[in-house]
Peer 1: 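Got a structure here, written out as C-alpha cells. Questions coming.
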Amino acid sequence: MLHFFQQEFAVFDFFSYFCCMNDIQQRIERLRDVMRREHLGAFVIPSTDPHQSEYVADHWKSREWISGFDGSAGTAVVTLDSAALWTDSRYFLGAERQLHGTEFQLMRLKIEGTPTVAEWIGRACGAGTEVGIDGWCSSAAEVRQLTADLRRQGGLTLRTNLDPMARIWSDRPAIPQEKVEVFPLEYAGEAAHDKLRRVRQALRERHADGMLMASLDDIAWTLNLRGTDVHCTPVFVGYLLVSSKDATLYINKVKLTPAVEAYLHGEGVGVAPYEEVTKGLKDYFEYNILMDPDEVNWALYKTVTREIVEGESPVKRMKTVKNATEIAGFRRAMLRDGIAMVKFLKWLDETDVTRETELSVGRKLTALRAEQPLFRDISFDTIAGYGTHAAIVHYEATPETDIPLEPHGLLLLDSGAQYLDGTTDITRTVALGPLTEEERKIYTLVLKGHIQIELCKFPSGASGTQIDILARRDMWREGLNYLHGTGHGVGTYLCVHEGPHQFRMEWKPAPLVAGMTITDEPGIYLPGRCGARTENTLLIVPYKETEFGRFLQFESLTLCPIDKRPVIAEMLSAEEAGWLDRYHQTVFDTLAPHLDDDERAWLQQATAPLTMP
C-alpha cells in the first residue's frame with residue numbers, strides 16, 4: 001500500500017497537499033466545537049441534499065467539504081475524538097487516496113467486518129450518546145432507520161434539527177440561481193399537463209389526493225423544464241406540490257423568465273418561493289398526501305399535518321419508460337455520439353500517445369462531442385484511467401494525479417454527453433500497444449459478460465437481479481468479480497443514472513419492461529495492475545409472445561466499435577463472436593454515411609469481422 005501512495009503522489013504538490021490536510025483538520029475541529037456546545041457525541045454527514053439527489057449543487061457538498069472525499073456516494077461521521085467515512089466499492093481506492101493523512105478512517109461498505117454507521121458510533125461513543133444529523137438533508141426513511149439502529153446500540157438517540165455547516169462553512173457556495181428553460185415538446189413527446197394528469201390518475205389508484213414531489217429529476221421530467229443547478233445534470237432546485245386540482249412549483253423566482261412563468265401558467269402550474277414549501281405543506285387542504293419516504297427529507301415529512309400515504313413516487317417508473325419521441329431522440333443522440341467517438345478513437349490510434357495524458361484525452365473527447373449538433377454538456381466527469389489507474393473504479397484524473405500515456409497497456413475511458421434529445425453513457429477500454437496476457441484475459445472476460453447481457457431474452461417484468469449473473473458467470477469461474485452494479489437506467493436529457501430498475505447482485509425487485517433504457521457495463525479491476533470495462537446503453541424491446549407470456553430483449557443504442565485487439569478469440573463462443581460481428585456491422589452501416597473517407601476507412605478496419613482460431 002505504501003508503494004501505491006508513493007506512485008499516486010509522485011507528481012503531487014506536497015505544499016498543496018499539507019495545506020488541504022490542515023484545512024480538513026480545522027473544519028473537523030470547528031464541527032467539534034459546535035458538537036460540544038450542543039452536547040452531541042457524534043454528527044452524521046450524508047452526501048445528499050434536501051432532495052436526496054445523487055449529484056448535488058456545491059452548496060450541499062458538506063461531506064466533501066468536511067472530509068476531502070469527492071465521490072458521489074458516502075457518509076461521514078465525526079465524534080469528539082475520531083472520524084470515519086463509509087463508501088462503496090466504486091470509490092475504495094479513490095477514497096483511500098483522498099482520505100490519506102486525515103482523521104477519517106475508510107469504511108468499505110459490503111465488505112465483511114465493516115461496521116454499520118450505528119455500530120461504529122456505539123463503539124466510539126458508548127451508551128446514552130446523542131447523535132446529530134441534518135433533517136433537511138436526510139430522507140424520512142434514512143432517519144427512521146438510523147434512529148432504530150442507534151437505539152439498538154445502547155439507547156443512542158438522534159437529533160435532527162441542527163445544520164452545523166451553516167455556522168462553520170464561512171465560504172459556503174450559495175444555492176444556484178441560474179435560469180430554468182422549457183424542454184421542447186418535440187423532444188419530450190408529452191406535454192406537462194398530460195403528465196400531471198397521469199400523475200393524478202396514479203395517485204387516485206393509490207387512494208391519495210396529492211403528493212409532494214421532491215426529486216429534482218422527477219420535477220424536471222414532469223414539468224418539461226431543465227436547468228443547470230447541478231454539474232452535468234440538467235435539473236434545477238425546487239419542489240412540486242400536486243393536489244387533485246392544482247400544482248405549485250416552489251422555486252426561487254429569480255430562476256424563472258417571464259416566458260417560463262407564462263408556460264407554467266398555461267400548463268396549470270402555480271409558482272411560490274422555494275423556502276415557502278413548509279408553509280405550503282401546512283396549508284395543504286386535501287384529506288391525505290402521498291410521500292415517498294426515500295425522497296422526501298425528514299424536516300418536510302414531519303411538517304405534514306394531513307394523513308400520509310407512504311409509497312414510491314409514481315413518477316419514478318413513469319419517466320423510465322420512454323415514449324416514441326424520446327426513443328427517437330436517444331437514437332439521434334447516440335448517432336452523433338458515435339460519430340464523435342469514432343473521430344476520437346481514430347485520433348487516438350494515430351497520435352503519439354506519449355504526448356498525451358489522462359486529462360488531455362478527456363479534453364479531446366469533450367471537444368469532439370461539442371462539435372455535434374444539440375450538444376449541451378458532458379453527462380458526468382470523464383473517467384480516463386490508464387494502466388494502474390484503470391483499476392480505480394471511478395477514478396477521475398486531477399492535475400495532481402494526471403499521468404502520461406505510454407504505448408502499451410490499457411486505457412479505460414468512461415464518458416458521456418448531454419444532448420438536447422438524449423443522454424449518453426459509454427465505456428471503451430482501448431489497447432495503446434502491447435498487452436500482457438493478464439490484461440488480455442480480463443478484457444476478454446469482461447467482453448464475454450457484456451455480450452451475454454446483450455444476448456439475453458427474458459420475460460417482461462423480470463428483475464435486473466435475475467439477469468445480472470450472466471455478466472459475472474465466466475468471471476466467477478475464474479475467481480474474479482466486481483462489486484458495483486452491472487447497469488442502470490439513463491434519463492432523457494436528464495440524470496445519467498436513473499432508476500429504480502438496474503442490473504445488480506443485490507436484490508432489486510423493479511421490473512424490466514419494454515421502453516426502458518439500461519446500461520450494460522461489467523468490469524474487472526486488479527488493484528495496482530490494470531482494469532477493464534465495456535459499456536453500451538441498451539433499449540428494452542419486444543422479442544416474442546408465447547403461451548408463457550411476453551418476452552423481451554435488448555437493443556444496443558450505443559454505436560461505437562469495441563476494440564478487438566485485446567480479445568483472446570478462443571475464449572469467445574461462436575455465439576459471442578457472432579454477436580460482436582453483427583454489432584460491428586450495425587455500427588459501420590449506421591455511422592459510415594456520416595464520416596469522411598479517412599474516418600470511414602478507419603471504421604471499416606475497426607469493425608471488420610473477428611478472426612477466430
Side-chain angles (χ1 to χ4, degrees), residues 330-353 356 360-375 378 382 384 405 407 410-417 419 421-422 424-433 435 440 443-444 446-447 450-451 454 519-521 532-539 554-567 569 572 576-612:
F330 263 103
R331 295 191 195 283
R332 293 192 301 269
M334 294 291 178
L335 171 64
R336 295 192 297 276
D337 208 56
I339 293 169
M341 285 295 301
V342 166
K343 290 177 182 290
F344 170 80
L345 292 173
K346 176 179 181 294
W347 167 83
L348 186 64
D349 257 8
E350 297 171 353
T351 197
D352 179 359
V353 295
E356 304 297 332
S360 72
V361 295
R363 289 192 294 267
K364 177 68 174 181
L365 179 53
T366 297
L368 290 170
R369 281 187 164 120
E371 295 174 358
Q372 296 300 314
L374 302 186
F375 174 85
I378 54 176
T382 298
L405 307 185
L410 295 171
L411 171 68
L412 189 156
L413 194 69
D414 188 351
S415 65
Y419 299 97
D421 50 359
T424 70
D425 186 3
I426 173 176
T427 306
R428 290 295 184 264
T429 305
V430 183
L432 298 184
L435 302 175
R440 295 185 67 207
Y443 181 95
T444 308
V446 167
L447 178 59
H450 175 89
I451 293 173
E454 296 257 12
T519 63
D520 171 13
E521 48 181 313
R533 183 163 68 247
T534 298
E535 174 187 19
N536 281 356
T537 299
L538 315 178
L539 176 68
F554 298 112
E555 173 194 338
S556 280
L557 293 172
T558 300
L559 297 166
C560 178
I562 295 170
D563 196 349
K564 303 190 303 293
R565 292 169 296 188
V567 176
L572 297 185
E576 290 165 346
W579 177 89
L580 185 61
D581 287 345
R582 291 192 303 275
Y583 174 70
H584 276 153
Q585 188 64 55
T586 298
V587 169
F588 181 81
D589 292 344
T590 308
L591 296 183
H594 305 276
L595 303 173
D596 64 28
D597 289 344
D598 287 344
E599 292 162 348
R600 193 177 302 113
W602 180 90
L603 181 61
Q604 187 168 29
Q605 179 63 34
T607 58
L610 183 70
T611 301
M612 295 295 288

Peer 1: Using the ring-ring contact (aromatic ring centres under 6.0 Å, His included) criterion, which residues pair with Y443? Sequence neighbours excluded.
Peer 2: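 Expected list: none.
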Peer 1: Hey, could you give me the OG1/CZ distance between T537 and F554, rounded to the nearest 0.5 Å?
Peer 2: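 Here the interatomic distance stands at 12.5 Å.
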Peer 1: Hey, could you give me the CD1/CD distance between I451 and E576, rounded to the nearest 0.5 Å?
Peer 2: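 If I round to the nearest 0.5 Å, the distance is 5.5 Å.
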Peer 1: To the nearest 0.5 Å, how far apart are CD1 in I426 and CG in L557?
Peer 2: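 Spacing of CD1 (I426) from CG (L557) equals 11.5 Å.
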Peer 1: Grab the two heavy atoms, one from D581 and one from P609, that are nearest each other, plus how far apart they are.
Peer 2: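 Minimum heavy-atom separation between D581 and P609: OD1-CA, 3.3 Å.
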Peer 1: If the condition is side chain to side chain donor-acceptor pair (under 3.5 Å), which residues does D414 pass it with, not counting sequence neighbours?
Peer 2: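 For D414 the side chain to side chain donor-acceptor pair (under 3.5 Å) partners, ignoring immediate neighbours, are T427, R533.
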Peer 1: Given the rule in the side chain to side chain contact (heavy atoms under 4.5 Å, CB included) test, do T607 and K564 qualify, once you have shown the distances and angles that lead to the verdict?
Peer 2: CA-CA 8 Å; T607 58; K564 303 190 303 293; 5.9 Å; no
Peer 1: List the residues meeting ring-ring contact (aromatic ring centres under 6.0 Å, His included) with W579, not counting sequence neighbours, and say none if there are none.
Peer 2: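 Applying ring-ring contact (aromatic ring centres under 6.0 Å, His included) to W579 gives H450, Y583.
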Peer 1: Under the rule for side-chain contact (heavy atoms from CB on, under 4.5 Å), what residues qualify as partners of A569, not counting sequence neighbours?
Peer 2: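 Here the qualifying residues are L610, M612, P613.
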Peer 1: Keeping the roles fixed (side chain from H584, backbone from I562), state whether a donor-acceptor pair exists under 3.5 Å.
Peer 2: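 Side chain of H584 to backbone of I562, a donor-acceptor pair under 3.5 Å: yes, one is there.
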Peer 1: List in chain and number order the residues that pass side chain to side chain donor-acceptor pair (under 3.5 Å) with T429, two or more places apart in sequence or in another chain; answer none if no residue qualifies.
Peer 2: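 T429: no side chain to side chain donor-acceptor pair (under 3.5 Å) contacts found.
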Peer 1: Please walk me through it: do I378 and L365 pass side chain to side chain contact (heavy atoms under 4.5 Å, CB included)?
Peer 2: CA-CA 10 Å; I378 54 176; L365 179 53; over 6 Å; no
Peer 1: Minimum heavy-atom separation for L538 to S556, with atom names?
Peer 2: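 Taking every non-hydrogen atom into account, CD2-OG, 3.6 Å.
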Peer 1: Go through the steps to decide whether K346 and D598 satisfy the test side chain to side chain contact (heavy atoms under 4.5 Å, CB included), and finish with yes or no.
Peer 2: CA-CA 9 Å; K346 176 179 181 294; D598 287 344; 3.9 Å; yes
Peer 1: Do T382 and V361 have side-chain heavy atoms sitting under 4.5 Å apart?
Peer 2: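 A side-chain contact is absent here, since even the closest heavy-atom pair is not under 4.5 Å.
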Peer 1: Any idea which heavy atoms bring V353 and L348 closest together, and the distance?
Peer 2: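 Taking V353 first and L348 second, the nearest heavy atoms are CG1-O, 4.0 Å.
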Peer 1: Tell me whether R582 contacts the main-chain N or O of A577 through its side chain, where contact means a donor paired with an acceptor under 3.5 Å.
Peer 2: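 No, R582 side chain to A577 backbone: no donor-acceptor pair under 3.5 Å.
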Peer 1: Is the count of non-hydrogen atoms from other residues, nucleotides or ligands lying under 6.0 Å from E555 atom CD greater than 12?
Peer 2: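 Yes - once you tally the heavy atoms of other residues, nucleotides and ligands closer than 6.0 Å, there are more than 12.
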Peer 1: I want to check something: taking the side chain as every heavy atom from C-beta on, are L447 and P566 in contact at a cut-off of under 4.5 Å?
Peer 2: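 Not touching, per the 4.5 Å side-chain cut-off.
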Peer 1: Which heavy atom of A384 sits nearest to which heavy atom of L413, and what is that distance?
Peer 2: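 For A384 versus L413, the nearest heavy atoms are CB-CD1, 3.6 Å.
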Peer 1: List the residues meeting salt bridge (Lys or Arg N to Asp or Glu O under 4.0 Å) with E356, not counting sequence neighbours, and say none if there are none.
Peer 2: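 For E356 there are no salt bridge (Lys or Arg N to Asp or Glu O under 4.0 Å) partners, ignoring immediate neighbours.
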Peer 1: Calculate, to the nearest 0.5 Å, the distance between atoms CG and NE2 belonging to L603 and H594 respectively.
Peer 2: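 Those atoms lie 11.5 Å apart.
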Peer 1: Suppose we screen for side chain to side chain donor-acceptor pair (under 3.5 Å). Which residues come up paired with Q585, at least two apart in sequence or across chains?
Peer 2: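 Testing Q585 for side chain to side chain donor-acceptor pair (under 3.5 Å), a comparison that skips the adjacent residues, returns D589.
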Peer 1: Quick check for you: to the nearest 0.5 Å, what is the distance between M334 atom CE and Y419 atom OH?
Peer 2: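 OH of Y419 is found 9.5 Å from CE of M334.
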Peer 1: With sequence neighbours excluded, what pairs up with D563 under the side chain to side chain donor-acceptor pair (under 3.5 Å) test?
Peer 2: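 Counting only residues at least two positions away or on another chain, D563 forms a side chain to side chain donor-acceptor pair (under 3.5 Å) with R565.
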Peer 1: Can you name the nearest heavy-atom pair linking A333 to T424, along with the distance?
Peer 2: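 Residues A333 and T424, closest heavy atoms: O-CG2, 4.1 Å.
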Peer 1: Give a yes or no on whether the backbone of M341 and the side-chain of R428 come within a donor-acceptor separation of less than 3.5 Å.
Peer 2: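 Flag not set: sc R428 to bb M341 has no pair under 3.5 Å.
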Peer 1: Measure the spacing between CZ of R336 and CG of L374 and express it to the nearest 0.5 Å.
Peer 2: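 Those atoms lie 4.5 Å apart.
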Peer 1: According to side-chain contact (heavy atoms from CB on, under 4.5 Å), who are the partners of K364, at least two apart in sequence or on a separate chain?
Peer 2: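 In terms of side-chain contact (heavy atoms from CB on, under 4.5 Å), with neighbours along the sequence ignored, K364 is linked to F344, W347, L368.
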Peer 1: With sequence neighbours left out, what residues match D352 under salt bridge (Lys or Arg N to Asp or Glu O under 4.0 Å)?
Peer 2: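 D352 satisfies salt bridge (Lys or Arg N to Asp or Glu O under 4.0 Å) with R355 once adjacent residues are dropped.
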Peer 1: side-chain contact (heavy atoms from CB on, under 4.5 Å) with R440: which residues, sequence neighbours excluded?
Peer 2: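 So R440 forms a side-chain contact (heavy atoms from CB on, under 4.5 Å) with L435, E437, I568.
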Peer 1: Under the side chain to side chain contact (heavy atoms under 4.5 Å, CB included) rule, what do L539 and F330 come out as? Steps first, then yes or no, please.
Peer 2: CA-CA 9 Å; L539 176 68; F330 263 103; over 6 Å; no
Peer 1: Taking side-chain contact (heavy atoms from CB on, under 4.5 Å) as the definition, give me every residue that meets it alongside D597, ordered by chain and number, with sequence neighbours left out.
Peer 2: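 Listed in chain order: R600.
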Peer 1: Please report the shortest heavy-atom distance between R369 and S415, naming the atom on each side.
Peer 2: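 In terms of heavy atoms, the two residues are closest at NH1-OG, 3.0 Å.
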